[in-house]
Amino acid sequence: MDYEAIVIGGGHAGIEAALALARLGRRTLMVTQDLEAVGRLSCNPAVGGLSKGNLVREIDALGGQMGLLIDDSMIQYRMLGRSRGPAVQSPRAQADKALYSSLARRALEAQAGLSLFMDCVVDIFTDDSGKRVEGVLTARGNRIGSACVVLTTGTFMESRLFIGDWSASGGRLGEPAALGLGTALRARGFSLGRMKTGTPARIRAGTIDTGEMARQDGEECRPFSFLRDSVSRPVAPCWVTYTNEDSHRVIRSGMDRSPLFSGAIVGLGPRYCPSIEDKVRRFPERERHQVFVEPEGLQTDEMYLNGLSTSLPEDIQAAFIRTIPGLRQAEIARPGYAVEYDYLDPRRLEPSLQSRLLKGLFVAGQTNGSSGYEEAAAQGLVAGINASRFLSGDEAMVLSRAEAYIGVLVDDLVTLGASEPYRMFTSRAERRLSLRQDSADLRLTPIAAEIGLADEERLERFRRRLEGTDEIRELASRRRITREDAASDPALGPHIGEALVHALRDPKVSGGVSRFMPELEARFPLEWLETVALDSRYSGYEAKEERLAHRMERAERLRIPGDFDYAKVEGLSSEAQEKLAAARPRTLGQASRLPGVRRSDAALLLVALSRPVDSSRG
């Protein structure tokens, strides 16, 4: 074999997969069409957001790269969800787009054991049985051998671009599609579909009037990575404006030329991030839609129009943009466009992200029908880790839904599939109170250490944090609520004489440890103090979650034999039989989450699986 592992694609999934494999000692090759485009932020130049920020922190805690990349390239930082409570708050940062990509390439090139190669993979070749990967074939005829392959083609596989009546092959505007691989996989029996995503126009900063828009500054920058104590970066403001009736009128005038409605695009787009023409059509009663005008970087004049994703004709794009306050003189540097691409049905994957059809093939990112940089990177890390464990014959790393948002993401994809681009939400996580962004290292660093992705610096920082939070908790348990405290805050009245860690459980008590013990701010990082306060505040709720998790644990772990005959389960609905036979879930927990499988079906399945095997039968 030329390499132990090959990673196809240099996007966010590919970066994490390649780095994980190389860091675990595997001779790895990344094959990508354009080395200049590695780690490119194709759409919104931002990382994180509600639930997505949790994913980034979990990626970092497991030894991934995304947190470090955004820490070194952010130009604005905000903690989202403050009005919804700390348990669902999540960090988000605007990135300097060019710098982020440059740093990603630098990290790949500096990684020992990892090689980069510029070409396009058009097929995967196998052993004589056709059931095990042996390498890849590229467009220039290179035949490169490897024991496993991680497929992370993003939006490029057999992809096509659309702007109004115009369409052409391409993965991003000005970048070629990855042609051939989708056709080859279909010929091998893989189940592929089409999905669509889009992006807004970019405009020149010098042509906007900020006086007509609301300025939106960020907060003090804080790190995503647990390897950083602070972030010191130059920052830039964003701006907020709105569409209006004139905008909507112009948009409606071009809808007959929109590929979304003409039938030119067959793939489904993201429901939670629709194009502006889709929003205008679906919500005719809305008088305006919000637009965030965001810088693409500190060294570029381009601004990103967040909220105005579109594939309308270029003349219509220019006309409706110029009806928006602050953008009336806007000059378009790049038009908005839609891209349609091939994806693989993720229900044909193991929870390790290894293909059930072809041993040694792992699939991650938008190739699995997900959306977003963060979801892609999380899958890439899981795929890279498990590809390495596959090579050594070790059991796969499968994170549970109770351990991480990453566990929720992967389980949702391999169990439920993706009929539209999958996006992570806090509501998808049953134990979101326990999966807070501030606790990702406490949950996942021990797993990173066991796998081999936690270096000595990370382990030392983790030990210090454990010792520090234990000390804070001990000091807060000694600090008693006094009458003086209650005199300044009536909510503390019922807690006089009580330990601070217990008083913080009362939702009426505002503030955290530092409010009552400000002297600790000089000794401990703010995040450690916040974690102790949140642990106290949510301890009762987390205990309920824990009890529920224990009740669900048997269902989650009860294995279903691969050849189990659902038709023999008496009383099982025909719909459930069909769904279960098609999906072939590995556990009862996965089976119970399939659409069409009712609680009564799951209960019948539990009974059937719990029956002792009759050893007298042949």
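Worth saying up front: this structure is predicted, and the values here are computed from it rather than measured. Numbers for residues simply follow the sequence, beginning at 1.
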Check whether the side chains of Ser352 and Glu350 place a donor and an acceptor atom closer than 3.5 Å, and report yes or no. no
Whether Glu403 and Arg431 form a salt bridge (side-chain N of Lys/Arg under 4.0 Å from carboxylate O of Asp/Glu) is what I want to check. no
Verdict with supporting geometry, Cys221 and Val235, side-chain contact (heavy atoms from CB on, under 4.5 Å): CA-CA 9 Å; Cys221 292; Val235 297; 3.9 Å; yes
Kindly indicate whether a cation-pi arrangement holds for Arg428 with Tyr422, taking the cut-offs as under 6.0 Å to the six-membered ring centre and within 45° of the axis. yes
Counting distance only, does the side-chain N/O of Asp96 pair as donor-acceptor with the main-chain N or O of Leu298 below 3.5 Å? yes
Is it true that a side-chain atom of Arg78 and a backbone atom of Pro91 form a donor plus acceptor pair closer than 3.5 Å? no
Of the non-hydrogen atoms in Thr197 and Thr155, which two are nearest, and what is the gap between them? CG2-CG2, 4.1 Å
In terms of ring plane angle, is the pair Tyr373 and His12 parallel, tilted or perpendicular, where the classes change at 30° and 60°? tilted
Within 6.0 angstrom of Arg282 CZ, more than 12 heavy atoms from elsewhere: yes
Considering non-hydrogen atoms only, spot the tightest contact between Ile59 and Ala378 and give its length. CD1-N, 3.5 Å
Applying salt bridge (Lys or Arg N to Asp or Glu O under 4.0 Å) to Asp412 and Arg423, what does each step give before you reach the verdict? CA-CA 10 Å; Asp412 278 353; Arg423 180 178 176 180; over 6 Å; no
Are any of the side-chain nitrogens in Asp229 or Arg461 under 4.0 Å away from the carboxylate oxygens of its partner? yes
Any chance the side chains of Ser90 and Asn54 put a donor and an acceptor closer than 3.5 Å? yes
Side chains of Pro295 and Ile75: does their closest heavy-atom pair fall under 4.5 Å? yes
Salt bridge check: are Arg57 and Glu374 linked by an N-O gap of less than 4.0 Å? no
Correct closest heavy-atom pair for Asp506 and Ala491 would be OD2-O, 4.2 Å
Is any NZ, NE, NH1 or NH2 atom of the basic residue among Arg347 and Asp345 found under 4.0 Å from an Asp or Glu carboxylate oxygen of the other? yes
Using modelled atom types only, decide if a donor and an acceptor are shared between the side chain of Gln65 and the backbone of Ile15 within a distance under 3.5 Å. no
Main-chain N/O of Ser510 paired with Arg515 side-chain donor or acceptor, under 3.5 Å: yes
Heavy-atom pair with the smallest gap, counting every atom of Ala20 and Leu453: O-CD2, 4.1 Å
Establish, from distance only, whether the side-chain atoms of Arg458 and Thr445 form a donor-acceptor pair under 3.5 Å. no
With salt bridge (Lys or Arg N to Asp or Glu O under 4.0 Å) as the criterion, how do Asp470 and Arg473 come out once you've worked through the C-alpha distance, each side chain's angles and the decisive distance to 0.1 Å? CA-CA 5 Å; Asp470 283 346; Arg473 198 170 285 110; 3.3 Å; yes
Heavy-atom side-chain proximity of Glu58 to Arg443 below 4.5 angstrom: yes
For the pair Ser51 (side chain) and Met424 (backbone), establish whether a donor and an acceptor sit closer than 3.5 Å, ignoring hydrogens and angles. yes
Checking Val240 against Val291 for the side-chain contact (heavy atoms from CB on, under 4.5 Å) test, could you report, in this order, the C-alpha distance in whole Å, the side-chain angles of both residues, the deciding distance, and whether it holds? CA-CA 6 Å; Val240 182; Val291 181; over 6 Å; no
So, do Phe224 and Met74 sit near enough that their side-chain heavy atoms are less than 4.5 Å apart? yes
Gln111 backbone acceptor or donor facing Arg23 side chain under 3.5 Å: no
How far apart are the C-alpha atoms of Phe516 and Ile481, what are their side-chain angles, what is the distance that settles it, and do they pass the side-chain contact (heavy atoms from CB on, under 4.5 Å) test? CA-CA 9 Å; Phe516 298 90; Ile481 301 299; 4.2 Å; yes
Value for CG (Asp535) from OG (Ser434), rounded to nearest 0.5 Å, stands at 9.5 Å
Residue pair Leu50 / Val88: nearest heavy atoms and the distance that separates them: CD2-O, 3.6 Å
4.5 Å side-chain heavy-atom contact, Ile451 and Leu24: yes
So, the side chain of Tyr304 versus the backbone of Ala46: is there a donor-acceptor pair under 3.5 Å, distance only? no
Just checking Glu220: does its CD atom have more than 12 heavy atoms from other residues, nucleotides or ligands closer to it than 6.0 angstrom? no
Side-chain heavy-atom pair Thr587, Leu558 within 4.5 angstrom cut-off: no
Identify whether the distance between the nearest side-chain nitrogen and carboxylate oxygen of Glu294 and Arg92 falls below 4.0 Å. yes
Minimum heavy-atom separation for Tyr405 and Ala429, please, with both atom names. CE2-CB, 3.8 Å
Flag for Ser392-Asp394: side-chain donor and acceptor within less than 3.5 Å: yes
Atom CD of Gln76 and atom CZ of Arg233: how far apart are they, to the nearest 0.5 Å? 13.0 Å
As a quick check of understanding, evaluate side-chain contact (heavy atoms from CB on, under 4.5 Å) for Arg432 and Phe425, giving each step before the final call. CA-CA 10 Å; Arg432 54 188 170 275; Phe425 292 105; over 6 Å; no
Would you give the length of the straight line joining atom CG of Asp601 to atom CG of Leu605, rounded to the nearest 0.5 angstrom? 8.5 Å
Salt bridge present between Glu530 and Arg222 (N-O < 4.0 angstrom): yes
Determine, for Asp72 against Arg228, whether the closest basic-nitrogen to carboxylate-oxygen distance falls under 4.0 angstrom. yes
Can you tell if the side chain of Leu399 reaches within under 4.5 Å of the side chain of Leu444, non-hydrogen atoms only? yes
Heavy-atom check, side chain of Phe362 versus side chain of Leu21, under 4.5 Å: no
Charged N-O contact under 4.0 Å between Asp485 and Arg480: no
Donor-acceptor contact below 3.5 Å, side chain Glu16 vs main chain Ala377: no
Taking everything shown except Glu519 itself, do over 12 heavy atoms lie less than 6.0 Å from its CD? yes
Roughly how far, to the nearest 0.5 Å, is the CG atom of Leu409 from the CD atom of Gln379? 5.0 Å
Can you tell whether the side chains of Glu219 and Arg82 come within less than 4.0 Å, N to carboxylate O? yes
Sidechain-backbone polar pair: Arg479 side chain, Val501 backbone, donor-acceptor under 3.5 Å: no
Lys/Arg N to Asp/Glu carboxylate O, Glu467 vs Arg464, below 4.0 Å: no
Cationic N near anionic O, under 4.0 Å, Asp411 to Arg586: no
Could you grab the distance from atom CD1 of Ile70 to atom CG of Asp60, nearest 0.5 Å is fine? 12.5 Å
Are side-chain heavy atoms of Ser370 and Pro421 found at a separation under 4.5 Å? no
Just how far is it from atom OH of Tyr538 to atom OG of Ser536, taken to the nearest 0.5 Å? 12.0 Å
